[in-house]
Amino acid sequence: MTQEQSAKKGRKIQPRVAMPEQPARERSGNFDEVALGYRREDALAETARCIQCKNPKCRKGCPVEIDIKGFIGRLQQDDLSGAHEIIRQYNSLPAVCGRVCPQESQCEGACVLAAKGEPVAIGRLERYVADTFAASGACEQLTGTRECTLDRPLRVACVGGGPAGLSCAGHLAALGVKVTVFEALHEVGGVLVYGIPRFRLPKAVVRREVEAMRALGVEFVTNWVAGRTFQLRELMEQGFDAVFIGVGAGLPRFLNVPGENLLGVYSANEYLTRVNLGRAFSFPDHDTPPPHTGRVVVVGGGNVAMDAARTALRLGADEVTILYRRTEAEMPARAEETHHALEEGVKLRCLCSPIAFNGDADMKLTSVTAQLMELGAPDESGRCRPVCVEGASEEIPADTAVIAVGTRPNPILLEATPELELNKWGYIQADPETGETSMPNVFAGGDIVTGAATVISAMGAGRRAAKTIAERFLG
Amino acid sequence: MYKIVNKRSLIPGQTSMLVIEAPQVALKAEPGNFVMLRVHEQGERIPLTIADADPEAGTITLVFLVVGKTTAHLDSLEEGDSLQDVCGPLGRPTEIESRGTVVCVGGGTGVAAMHHIAKGHARAGNRVIAIVGARSESLLLFCDELAGFCPEVRIATDDGSRGHKGFVTQVLQRLIDEGEEIAEVVAVGPVPMMRAVAELTRPYGIKTTVSLNSIMVDGIGMCGACRCSVGGETRFACVDGPEFDGHEVDFDELWRRLGQFREQEAVSREHFHQCRCGESK
Ligand SMILES: Cc1cc2nc3c(=O)[nH]c(=O)nc-3n(C[C@H](O)[C@H](O)[C@H](O)COP(=O)(O)OP(=O)(O)OC[C@H]3O[C@@H](n4cnc5c(N)ncnc54)[C@H](O)[C@@H]3O)c2cc1C
Ligand SMILES: Cc1cc2nc3c(=O)[nH]c(=O)nc-3n(C[C@H](O)[C@H](O)[C@H](O)COP(=O)(O)OP(=O)(O)OC[C@H]3O[C@@H](n4cnc5c(N)ncnc54)[C@H](O)[C@@H]3O)c2cc1C
Ligand code: SF4
Ligand code: FES
């Protein structure tokens with residue numbers, strides 16, 4: 001009998017416990033977190049739904065292979081600290097992952113209960129465990145003592161303080177390795193601090209995870225730009241045994257259509273960085289000027305587009321419309337994010353793609369000309385290719401446009417380090433198993449290897465590199 | 001933290017010079033580079049050119065014009081105070097090769113940046129002629145420093161209080177008319193000045209390099225705020241520049257993009273002055 005059959009035959013499975021949320025009407029007017037997190041009774045009820053499969057599928061769906069059955073099992077025995085200990089063995093940023101991972105297509109998508117429609121809410125449970133444990137020190141939880149000893153004869157530099165670099169640093173530090181993280185911006189966290197808005201991932205959550213690493217002895221150096229402030233080869237000369245590169249994908253893509261440099265047209269990165277890193281939502285108490293609002297058009301269909309659209313609402317936009325060239329079914333954003341955005345009042349216009357931005361005499365954006373599209377045959381990504389409807393276009397009035405159509409590799413480090421081999425898309429060529437690059441003992445992972453991906457896949461890459469480094473140098 | 005070890009008011013209330021402890025930046029700084037700085041925890045990241053660097057002392061020199069909230073705050077700091085963040089050196093260094101006579105034109109605070117570039121050209125063995133412009137004599141900057149390595153420093157003031165009465169472009173025109181063999185013109189200063197220099201040299205086909213001061217947010221190629229049109233293509237001033245071929249730059253677009261946040265900047269300035277008044281009470 002398969003597990004699924006036994007699940008069907010066994011006791012009746014309760015419906016998934018809903019996540020408490022701020023009501024849509026309230027939250028679209030503030031930057032506070034939308035999803036409020038399980039309370040203890042919610043978590044216990046959801047935990048009870050897990051049937052503790054003999055051969056759990058969920059774990060295979062997780063890029064860092066958290067022992068999900070194990071940690072939920074501990075929760076079933078009301079052993080929170082045991083559950084946390086298990087998660088931390090695999091994941092150094094559980095409070096972040098519990099919030100932003102696309103669980104529906106990873107662990108939860110693979111959970112045997114998914115076949116029946118409602119998988120165990122693994123992400124929410126992970127978040128619950130991480131948040132509940134946040135108060136106590138990281139060292140103590142990982143090692144049982146207050147002091148972390150950094151006595152391993154190994155020094156590692158992590159270049160870039162996003163999820164990839166942090167995960168690599170966290171794993172090595174837990175083994176007692178001395179790690180220094182070099183970050184170009186003034187705050188550590190990568191997309192978690194400059195991209196993903198606080199209503200989805202409060203910055204205190206990221207800071208807490210970073211502080212936990214500091215407690216483990218990780219050193220953070222901010223305002224250091226690899227390729228400009230220092231070169232990779234200099235790190236080796238300074239006595240670093242290995243380097244991990246996790247600098248993200250960075251450079252925003254534009255559409256290359258007329259009018260794109262008009263006033264009021266932003267990249268999603270600028271729109272979000274002003275608000276998140278620059279805290280422009282509290283302008284003028286913080287100095288960074290907020291981007292413009294009015295009638296806002298967001299171009300794209302991924303998480304970045306959703307974040308920009310929902311940020312625009314919170315900044316006071318009159319209306320926010322997302323333009324996407326395929327249909328809602330093909331949108332790459334997490335279903336939960338699209339759902340939240342629509343609930344908050346974001347409008348969605350599918351099957352159209354901007355071909356021009358139009359402005360007035362002062363070069364201010366006034367409208368977007370959109371080409372209407374229809375779905376054609378599937379392309380190499382397996383999704384239907386959008387094709388132009390000949391001669392059909394429409395002019396959409398707009399004061400602000402935000403372009404969220406992806407990124408390209410940032411050239412700063414790559415140009416300064418010609419020794420690094422790149423793949424045909426211009427990203428760093430790295431061994432898929434170990435993360436090692438064409439430079440010996442230099443590893444790379446995250447978006448700079450894969451192109452824009454997910455927090456958890458970046459973390460998985462950091463973890464794999466950390467494992468290789470530890471095995472190579474510590475045996 | 002990045003300590004201010006020396007502060008000099010060059011033009012009181014308007015232009016100041018800071019020498020800041022930033023050893024790693026000083027070690028790597030080359031002519032044409034800039035830094036992104038934040039004055040304090042709630043501050044905006046702003047770009048300023050590295051006007052000079054002393055790797056041995058571990059310091060960099062910044063010269064800035066007080067135009068708004070951040071530069072006003074910067075100007076209120078004293079020796080011994082510290083800046084929250086200094087990130088750099090950023091941008092591509094000036095392309096410097098030995099090519100003969102290079103004319104470096106600087107206007108307003110741009111002279112500070114021009115000075116570092118001119119120094120690089122002189123070090124590479126070029127004969128550097130400096131043209132410095134300001135509204136009047138009291139607003140002239142770096143003339144003595146430039147004289148240290150430029151065989152000629154020509155001056156233009158709007159009111160004629162020193163040097164030629166008129167614009168730097170007129171001085172440059174005269175130099176060309178005199179038959180000077182010019183390998184390259186470098187212009188750093190206000191947008192209208194850089195545009196005028198580029199327009200002047202265009203018919204003569206003289207290579208002209210300008211340094212674009214577009215609005216920047218991160219300064220490391222992540223946001224696209226600094227984009228500008230050069231030769232009909234979109235380029236990012238922070239990673240592809242800040243120096244570009246002046247004959248290819250769309251100055252009109254640059255000028256308009258610089259005005260994007262005028263309303264918010266006014267609010268910010270007002271807010272800053274109110275806070276300051278509150279403090280002194
Ligand atoms: C708005 C937005 C929303 C997203 N939402 C989700 C989501 O909900 N779920 C999800 O799983 N994924 C999401 N993603 C994608 C996810 O954030 C990325 O895949 C992930 O952050 C990649 O991690 P990374 O460590 O490779 O790079 P990054 O997070 O980009 O971090 C790279 C770090 O390196 C620094 N750096 C860059 N160049 C240098 C240099 N030369 N020297 C030193 N430091 C440098 C950068 O400043 C940055 O801090 C989102 C992305 C964005 C932009
Ligand atoms: C590469 C580069 C080098 C520069 N070097 C110098 C220098 O050596 N000395 C100097 O005095 N100035 C320099 N500038 C300009 C300087 O950055 C701006 O004057 C400063 O940001 C103004 O900030 P504020 O808050 O005082 O004024 P605000 O009131 O915010 O703005 C006043 C004007 O400054 C410009 N500006 C505003 N914000 C920014 C920003 N984030 N980035 C760039 N420009 C902005 C706009 O034109 C604006 O209208 C440089 C700019 C760039 C891009
Ligand atoms: S989470 Fe799902 S797949 Fe994993 S053990 Fe529980 S029921 Fe099985
Ligand atoms: S300032 Fe952000 S890309 Fe240049």
Side-chain angles (χ1 to χ4, degrees), chain A residues 183-187 191 194-195 221-225 227-231 247-254 256 260-274 277-280 282-292 359 362-364 403 407-413 415, chain B residues 2 22 24-25 27-28 33 35-46 68-70 73 84-92 215 217-225 227-229 233-234 236 238-240 250 252-253 255-257 259-261 263-265 267-272 275:
Chain A
E183 165 58 47
L185 294 171
H186 56 257
E187 244 180 271
V191 171
Y194 74 71
V221 180
T222 48
N223 295 316
W224 282 54
V225 185
R228 297 257 200 245
T229 317
F230 66 100
Q231 302 298 340
V247 293
L251 211 69
R253 260 182 214 284
F254 287 91
N256 293 320
E260 215 159 8
N261 292 348
L262 288 170
L263 312 189
V265 184
Y266 299 85
S267 76
N269 266 3
E270 178 182 355
Y271 206 83
L272 293 169
T273 302
R274 282 185 179 276
L277 188 71
R279 319 271 194 272
S282 83
F283 179 84
D285 287 334
H286 284 78
D287 298 345
T288 305
H292 301 86
D362 294 328
M363 247 187 78
K364 284 206 179 96
I403 316 283
T407 52
R408 292 175 290 151
N410 185 308
I412 295 183
L413 174 67
E415 281 179 8
Chain B
Y2 301 80
Q24 187 68 19
V25 183
L27 196 63
K28 298 289 169 140
N33 284 150
V35 292
M36 293 298 293
L37 63 83
R38 271 199 325 163
V39 176
H40 64 139
E41 194 53 55
Q42 278 86 39
E44 181 179 6
R45 291 169 68 89
I46 66 155
K69 153 86 209 264
T70 305
H73 194 169
Q84 184 74 34
D85 301 293
V86 174
C87 173
L90 298 171
R92 286 181 200 276
I215 290 183
V217 176
D218 61 307
I220 57 168
M222 211 181 69
C223 72
R227 64 196 193 274
C228 43
S229 297
E233 267 179 56
T234 294
F236 288 7
C238 68
V239 288
D240 301 324
D250 182 340
D252 187 44
E253 181 186 285
W255 183 243
R256 308 246 192 187
R257 288 187 62 85
Q260 278 179 91
F261 292 94
E263 282 160 36
Q264 288 102 316
E265 282 153 4
V267 170
S268 192
R269 222 155 27 237
E270 181 61 21
H271 186 73
F272 177 66
C275 294

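Throughout, protein chains are lettered first and strands after them, A, B, ... in sequence-line order, and every chain is numbered starting at 1. Because the structure is predicted, anything quoted here is derived from the model rather than measured.
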[Y] backbone acceptor or donor facing [X] side chain under 3.5 Å:
X        : Y        : value
B/Gln42  : A/Asp285 : no
B/Arg227 : A/Glu260 : yes
B/Asp85  : A/Asn223 : no
A/His292 : B/Gln260 : yes
B/Arg257 : A/Asn261 : yes

Answer with side chain, backbone, both or neither: which region of [X] has an atom nearer than 4.5 Å to a non-hydrogen atom of chain B?
X        : result
A/Leu251 : both
A/Leu262 : backbone
A/Phe254 : side chain
A/Arg279 : neither
A/Asn256 : neither

By side chain to side chain donor-acceptor pair (under 3.5 Å), which residues pair with B/Asp250, not counting sequence neighbours?
-> none
The side chain to side chain donor-acceptor pair (under 3.5 Å) partners of A/Glu270 (sequence neighbours excluded) come to A/Arg274
Which of [options] touches chain A most, by non-hydrogen pairs under 4.5 Å:
options                               : answer
B/Met36, B/Glu44, B/Met222            : B/Met222
B/Gly219, B/Cys87, B/Ser229, B/Ser268 : B/Cys87
B/Gln264, B/Arg92, B/Glu233           : B/Gln264

Contact between [X] and [Y] at the side-chain level, heavy atoms closer than 4.5 Å - yes or no?
X        : Y        : value
B/Arg38  : A/His186 : yes
A/Tyr194 : B/Asp218 : no
A/Thr229 : B/Lys28  : no

Option that, when pairs with chain B are counted at under 4.5 Å, heavy atom only, ranks first among A/Gly250, A/Pro252, A/Ser267 |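 Among the listed options, the one with the most contacts to chain B is A/Pro252.
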Could you have a look at A/Val265, A/Thr407, A/Leu272, A/Thr222 and say which one has the most heavy-atom pairs with chain B under 4.5 angstrom?
->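 Of A/Val265, A/Thr407, A/Leu272, A/Thr222, A/Val265 has the most heavy-atom pairs under 4.5 Å with chain B.
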Roughly how far, to the nearest 0.5 Å, is the CG atom of A/Leu185 from the CD1 atom of B/Ile220?
-> 4.0 Å
Picking from B/His271, B/Lys69, B/His73, what satisfies side chain to side chain donor-acceptor pair (under 3.5 Å) with A/Asp287?
->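 Exactly one option meets the side chain to side chain donor-acceptor pair (under 3.5 Å) with A/Asp287, and it is B/Lys69.
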Report the C-alpha distance between B/Val267 and A/Phe283 in whole Å, list the side-chain angles of each, state the deciding distance to 0.1 Å, and finish with yes or no for side chain to side chain contact (heavy atoms under 4.5 Å, CB included).
-> CA-CA 9 Å; B/Val267 170; A/Phe283 179 84; 3.8 Å; yes
